Amino acid sequence: MTSQVQIDQRVKSFIAACRQHGIKATQQRMEILRELASTEEHPDAETVFARVRKRLPTISLDTVYRTLRTLEENEIISRVGSMRERARFDANTAPHHHFVCSDCGLIGDFYCDELQGFPPPPEVADMGSVDSVYIELRGRCRACQIKRDRTE
Ligand SMILES: [Zn+2]
Ligand SMILES: [Zn+2]
């Protein structure tokens, strides 16, 4: 669970980042960010839209898309997953990795200090310099595993 303290912290750093990048912290943007900051589900734009709409009925899906893009461009949030899949978003800017369930699409955060210091393989060094390491582990979450076991 994301604690209230963490959510407040993320919203606060969002406001600071907006100021720094000259983006207006409008109510719509604040609500979108708050929604993203309070979940660990890494939702897609449609899901964010459906939730924010409950509080701001006048908001449009287009606004949500545009806001997410702005936030992403300013590195306030990050996009998760490969280009082929529908983009999902993450307001957790602490260095972390993902466990992805191939069945239901669950994305779980995990932290591993050892991975941050992971020496890049020589092939990678030939391609360029590495700034950060991001690992995505794919498999089946516990709930999907149980479901599979039952139907087998
Ligand atoms: Zn699953
Ligand atoms: Zn994440």
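Side-chain atoms are counted along with the backbone in the values below, which use heavy atoms only and exclude waters and symmetry mates. Note that ligands are numbered from 1 as they come in the structure, with each ligand's atoms numbered from 1 the same way. What you are looking at is a predicted structure, and each value in this text was computed from that prediction instead of being measured.
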So the angle subtended at the Zn ion (ligand 1) by C101 atom SG and C144 atom SG, rounded to 10 degrees, is 110°
Atom of D109 nearest the Zn ion (ligand 2) (restricted to N/O/S, atom name only):
OD1
So, 2.8 Å as the limit: is an N/O/S atom of H98 located closer than that to the Zn ion (ligand 2)?
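Yes.
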Parallel, tilted or perpendicular, judged at 30° and 60°: which one describes the rings of Y134 and H97?
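Parallel, since the angle between the ring planes stays under 30°.
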Please state the angle at the Zn ion (ligand 2) spanned by NE2 of H42 and OD2 of D90: what is it, rounded to 10 degrees?
100°
Salt-bridge contact D103-R148 (side-chain N to carboxylate O under 4.0 Å):
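Salt bridge between D103 and R148, a charged N being under 4.0 Å from a carboxylate O: yes.
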One thing to verify: whether D8 and K12 come together as a salt bridge, which I'm taking to mean a side-chain N less than 4.0 angstrom from a carboxylate O.
no
Would a 4.5 Å heavy-atom cut-off, applied to side chains only, mark I59 and I32 as touching?
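Heavy-atom side-chain distance check passes, below 4.5 Å.
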